Amino acid sequence: MLQKKKFVVLLICAAHLGGSILCSRLTPDLKPKHTNVAFLKTHKTASSTMQNILFRFAEFNNLTMALPKPNCGHQFCYPHFFSTEFVHPQTQQPNMIANHMRFNESALQNLMSNTTIYITILREPASMFESLFTYYSNISEAFRRVPNGSLEAFLADPLRYYRPGEDNAMYARNTLTFDLGGDKDRPASDAAYAQAFVAKVERVFSLVMISEYFDESLVLLRHLLSWDLEDILYVKLNMRAESSKKSLSPGLPEKIRDWNSIDARLYDYFNASLWVKLSELGLDFVANEVNLLRHAQERLLKNCSGGQLPASEIKNKELHPWQPSENVSIVGYDLPSNISQEAKERCLRYIMPEVPYTTKLLHSHLMSFMVLPFLLYTFQ
Ligand SMILES: *[C@@H]1O[C@H](CO)[C@@H](O)[C@H](O)[C@H]1NC(C)=O
Ligand SMILES: *[C@@H]1O[C@H](CO)[C@@H](O)[C@H](O)[C@H]1NC(C)=O
Ligand SMILES: *[C@@H]1O[C@H](CO)[C@@H](O)[C@H](O)[C@H]1NC(C)=O
Ligand SMILES: *[C@@H]1O[C@H](CO)[C@@H](O)[C@H](O)[C@H]1NC(C)=O
Ligand SMILES: *[C@@H]1O[C@H](CO)[C@@H](O)[C@H](O)[C@H]1NC(C)=O
Ligand SMILES: *[C@@H]1O[C@H](CO)[C@@H](O)[C@H](O)[C@H]1NC(C)=O
Ligand SMILES: *[C@@H]1O[C@H](CO)[C@@H](O)[C@H](O)[C@H]1NC(C)=O
Ligand SMILES: *[C@@H]1O[C@H](CO)[C@@H](O)[C@H](O)[C@H]1NC(C)=O
Ligand SMILES: *[C@@H]1O[C@H](CO)[C@@H](O)[C@H](O)[C@H]1NC(C)=O
């Protein structure tokens, strides 16, 4: 009954979306939107797109986003375990956190409200490893050692190239496990470790999103947080150009899963549990929401961008995605030149890459801290 009611309101909302992006609440009896969220941002999993959704939500709703202090870069001093010391002093007592970190549950609990909902995102291990291998080809020593940049050569004998303790080794084995605070070098034979680790992740995270089913995951997120469809609207960020993607030859996916066995176990478990949750919500209901989301997205893209461009062709410096290597082409967006200032401000939020957006949010937090004492002083 409840689902039927939601669906009717959803249709009204769809008509509404035709004219404007603003969509009224989907159900009249909805709980207030949940505003305290910790997102464990994993690597190469569509997490930049997810982070952008949270950045925008925080900005539009005047929430505080915990941001890294300057000497941590735009990440919380990754790959160190997260510590509250890495948080910019003027973003303490935050509602949300969404920049890269290595997860430490108790340190985060010291920072975040006890009503915080924890979420993260995982990606299928084979396509994820191909992405890591390309993206970090010139950064991770393990990959740099491989002759001809050949993924086949690496997987034929990973231990020949990989050194567990050296810098950037975390991009070369069980990266998801590492980001989640686990031990990336436990051997595949230690099934008990992997099993206990999966259980721990399940205890902490209310939602583990899956990149392959990003839109479906967002629908679950929207319901978990009582958000509107408008709140989960996005433009894909930090993607490689098609020319920088490689297809995997037969046999490689299995080798990748063996080499990243803890990640593979995490993925299989949480992909299965995602589909259980989707079934509970109703697969038809989910499919409808996904459709609405995609339609709204097409309109947004038409309004907001001249289309995807390789980074080298983007004129606006603020919209340049970071390039890990000359060999990897990351696509981004430029704003159309003929849109209004208001539309420009709005559109910018959807297409701004992680680094400039982090800087922008920090500036606005710092500004509000400077303005407040000034006002108090002026009016006393
Ligand atoms: C697209 O732009 C028009 C005109 O500026 C505006 O009315 C509409 O709300 C925008 N739609 C979206 C999806 O941003
Ligand atoms: C956020 O703050 C601005 C300026 O103080 C205010 O105009 C706006 O209404 C606030 N928005 C929300 C959603 O509270
Ligand atoms: C995690 O954080 C807690 C609380 O700040 C700290 O005591 C602990 O040492 C940290 N763990 C690691 C592995 O850094
Ligand atoms: C959360 O913290 C508040 C005070 O900050 C406390 O009253 C409340 O009992 C806590 N809730 C839980 C579930 O720990
Ligand atoms: C970049 O591409 C060149 C030419 O294809 C290749 O020789 C080189 O090994 C690549 N470098 C990296 C770091 O992948
Ligand atoms: C690397 O490429 C060169 C030239 O294409 C080839 O002769 C050599 O066998 C390759 N090495 C490996 C380890 O694949
Ligand atoms: C995820 O789980 C679903 C449902 O069990 C399954 O159909 C699908 O193949 C899985 N996806 C991947 C990429 O493993
Ligand atoms: C790899 O990194 C070095 C500096 O560490 C740089 O000089 C070189 O241009 C990079 N190669 C590519 C292909 O990006
Ligand atoms: C901007 O120009 C594009 C292409 O020339 C056109 O399709 C679009 O309608 C124009 N938008 C506005 C708001 O004038």
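Start at 1 and go down the list; that is how both ligands and their atoms are numbered. Just so you know, these numbers come straight off a predicted model, no measurement behind them. Computation of the quantities below employed the complete heavy-atom set of this structure, encompassing side-chain atoms and omitting hydrogens, waters and symmetry-equivalent molecules.
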- Query: Do the charged groups of Glu230 and Arg56 touch, with an N to O distance under 4.0 Å?
  - Reply: no
- Item | Thr64 backbone acceptor or donor facing Asn95 side chain under 3.5 Å | yes
- Task: Identify, by atom number and element, the atoms of ligand 3 in contact range of Ser106, meaning under 4.0 Å from any of its heavy atoms.
- Result: 1 (C), 2 (O), 3 (C), 4 (C)
Please tabulate, one line per pair, the protein N or O atoms found under 3.5 Å from any N or O atom of ligand 7, giving the distance to one decimal.
| residue | atom | partner | partner atom | Å |
| --- | --- | --- | --- | --- |
| ligand 7 | 2 (O) | Asn271 | OD1 | 3.4 |
| ligand 7 | 2 (O) | Asn271 | ND2 | 2.3 |
| ligand 7 | 11 (N) | Tyr213 | OH | 2.9 |
| ligand 7 | 11 (N) | Asn271 | ND2 | 3.0 |

- Would you call the rings of Phe205 and Phe103 parallel, tilted or perpendicular, where under 30° means parallel and over 60° means perpendicular? tilted
- Query: Would one find an N or O of Asn62, backbone or side chain, under 3.5 Å from an N or O of ligand 2?
  - Reply: yes
- Between Arg186 and Asp183, is the closest basic N to carboxylate O distance under 4.0 Å? yes
- Query: Could Arg102 and Phe81 be counted as a cation-pi pair, given that NZ or CZ must be under 6.0 Å from the ring centre and within 45° of the axis?
  - Reply: yes
- Item | Pair Arg240 + Glu130: basic N to acidic O under 4.0 Å | yes
- Message: Just by distance, no angles: are the side chains of Tyr357 and Glu59 close enough, under 3.5 Å, to form a donor-acceptor pair?
- Response: yes
